[in-house]
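Have a look at the structure below, then the notes.
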There are 2 protein chains.
Amino acid sequence: MSIAERKQEEKQEMHQRILNAARKIFLEKGYEKTSMRNIANEINYSPGSLYFHFKDKTEIFQELQKEGFTLLLNQLKVLNSVADPFERLKASGRVFIQFAQENKDYYNLMFMVEETVKNPAETRFTIAQEAINHMCSMIRDCQQQGKFIEMDTDYFTFMVLSAMHGICALFCKDRTTSFINKTNEELMENGYACFVALLEKS
Amino acid sequence: MSIAERKQEEKQEMHQRILNAARKIFLEKGYEKTSMRNIANEINYSPGSLYFHFKDKTEIFQELQKEGFTLLLNQLKVLNSVADPFERLKASGRVFIQFAQENKDYYNLMFMVEETVKNPAETRFTIAQEAINHMCSMIRDCQQQGKFIEMDTDYFTFMVLSAMHGICALFCKDRTTSFINKTNEELMENGYACFVALLEKS
DNA sequence: TGGATAATTGAACACTGTTTAATATATTTG
DNA sequence: CAAATATATTAAACAGTGTTCAATTATCCA
């Protein structure tokens with residue numbers, strides 16, 4: 001099966017070439033403004049060929065979305081070394097926000113694009129689920145240390161995620177300009193610090 | 001000037017007819033999936049005619065965005081009758097979230113669409129500014145009653161807005177499905193309740 | 001070498017936002 | 001009233017979009 005294997009590899013290579021081109025342009029111009037022809041041109045391919053390797057535009061997009069989630073999760077996993085769960089939680093928020101700042105385009109792809117999948121039991125879903133479970137267990141650990149007691153774990157997790165996401169979402173869609181005389185970095189950092197202050201008093 | 005006036009009125013009438021058609025379709029299908037031809041067909045107009053009344057697609061969109069902000073602000077103004085500033089703040093969040101639930105499409109138009117204006121000194125900006133000032137002064141009132149002391153007003157306002165927006169943003173882009181066995185309403189309501197609980201302990 | 005299989009292409013289809021020359025309608029002026 | 005002007009509307013065209021598909025090339029196996 002040596003030849004069949006090579007064939008397989010060549011196909012995967014093409015798969016990657018397309019994905020690399022798509023990543024570059026998607027992250028440059030965003031989802032809507034990137035055309036299949038743009039991607040094809042980037043690698044001197046014909047537009048039709050893309051459809052031999054991918055079902056449609058959304059399938060390419062979803063692979064990149066998945067990439068983004070993996071990237072974020074890996075950055076969060078570094079914090080597993082932080083022993084104290086509350087410190088870990090606080091640091092996770094900082095990492096999350098930093099990820100959005102440094103990967104604004106990935107973030108937009110991951111969280112700000114209309115869902116294209118009808119059956120969410122695939123791609124993003126499982127890995128997003130993983131992120132949420134991670135978060136949930138972290139908060140449960142905090143609760144076992146006496147923090148956030150009498151709070152429902154699931155709803156509290158949702159709230160914490162919302163607060164972090166809210167900061168990033170305003171940033172990603174340029175809704176921070178209404179706060180004059182404040183840079184995005186100041187707003188996000190100090191805004192999150194306020195949230196942490198709330199958590200610490202609880 | 002009777003005739004000139006009538007002319008003016010007729011033009012404004014057309015302006016409204018277009019806006020009504022655009023609102024219907026924008027809120028049905030979202031910004032990107034709505035075409036100028038869709039809007040023109042809705043009122044049996046030619047696509048080109050739209051450009052006599054509006055500069056381009058974004059100008060139509062921005063008027064509707066402004067509508068949404070006015071709608072939200074009006075709902076918030078009802079709470080001016082609530083004397084206690086902290087009670088008013090808590091209720092504002094509930095109204096905000098309810099607005100997102102009941103006007104998901106407006107909310108998407110207002111907060112989740114890529115900014116089209118290059119010079120933000122117009123349209124949304126001023127009215128968003130108004131909303132933020134409203135929020136800011138509400139929090140300042142709270143601080144004068146001893147709440148959220150030692151917090152920077154601006155950053156705290158940004159954080160509160162982020163928390164509310166985060167809840168709505170996850171809802172609006174269907175990122176709530178990863179919390180299984182929980183409805184959107186449960187998540188949003190109880191999630192916000194958790195946030196309020198944090199605020200109350202501060 | 002011949003036939004099957006896989007990969008690629010370019011043209012076509014029905015759409016998109018926008019521009020523009022031509023046209024129709026209405027208003028003002030001579 | 002008629003001519004000229006201003007206003008409003010239209011259809012056609014342009015360059016772009018995602019996607020499909022028949023035709024073509026390249027590659028492999030017998």
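Worth knowing before you read on, the calculation uses all heavy atoms, side chains too, and leaves out hydrogens, waters and symmetry mates. Quick note on labels: first sequence line is chain A, next is B, and so on, each numbered from 1.
- The cationic group of Lys57(B) does not satisfy the cation-pi geometry with Phe26(B), failing either the under 6.0 Å distance to the six-membered ring centre or the 45° limit from the ring axis.
- Mapping Tyr51(A) and Arg37(B) onto DNA chain D by nearest heavy atom places Arg37(B) closer to the 5' end of the strand.
- Between Lys57(B) atom NZ and dT18(C) atom P the separation is 8 Å, expressed in whole Å.
- No cation-pi contact links Lys173(A) to Phe111(B), judged by a cut-off of 6.0 Å to the six-membered ring centre and 45° from its axis.
- Proximity of a side-chain donor or acceptor of Glu102(A) to a complementary backbone N or O of Phe99(A) within less than 3.5 Å is not detected.
- If you take CD of Glu32(B) and C1' of dG18(D), they are 14 Å apart, rounded to a whole angstrom.
- Atoms CZ (Phe54(A)) and P (dG18(D)) sit 15 Å apart, rounded to a whole Å.
- We find that CE of Met36(A) is positioned 20 Å from P of dC13(C), with the value rounded to whole Å.
- To the nearest angstrom, P of dG16(D) lies 11 Å from NZ of Lys29(A).
- Atom-to-atom, CD1 of Ile18(B) to C1' of dT9(D) comes out at 11 Å; the value is rounded to the nearest Å.
- Taking 4.0 angstrom as the limit, Asn38(A) places none of its side-chain polar atoms (N or O) nearer than this to OP1 or OP2 of dG16(D).
- One atom, CG of Leu50(B), and another, P of dA8(D), lie 15 Å apart when rounded to the nearest Å.
- Side chain of Arg88(B) to backbone of Ser81(B): no donor-acceptor contact under 3.5 angstrom is found.
- A residue-by-residue look at Ser35(A) and Pro47(B) shows that Pro47(B) has its nearest nucleotide of DNA chain D further toward the 5' end.
- For Lys11(B) and dA8(D), the shortest distance from a side-chain N or O to OP1 or OP2 is below 4.0 Å.
- For Phe52(A), taking side-chain heavy atoms from C-beta onward, the closest of the listed nucleotides dT8(C), dT7(D), dT19(D) is dT8(C).
- Taking the six-membered ring wherever Trp is involved, the centroid distance between the rings of His165(B) and Phe96(B) does not fall below 6.0 Å.
- Whole-Å rounding puts the Asn44(B) CG to dT9(D) P distance at 13 Å.
- The residue Ser49(B) sits close to a base: some heavy atom pair falls under 4.0 Å.
- For Tyr45(B), the side-chain atoms get nearest to dT10(D) when compared with the rest of dT8(C), dT10(D), dG17(C).
- When the side-chain nitrogen and oxygen atoms of His53(B) are compared with OP1 and OP2 of dA8(D), none of them lie within a distance under 4.0 Å.
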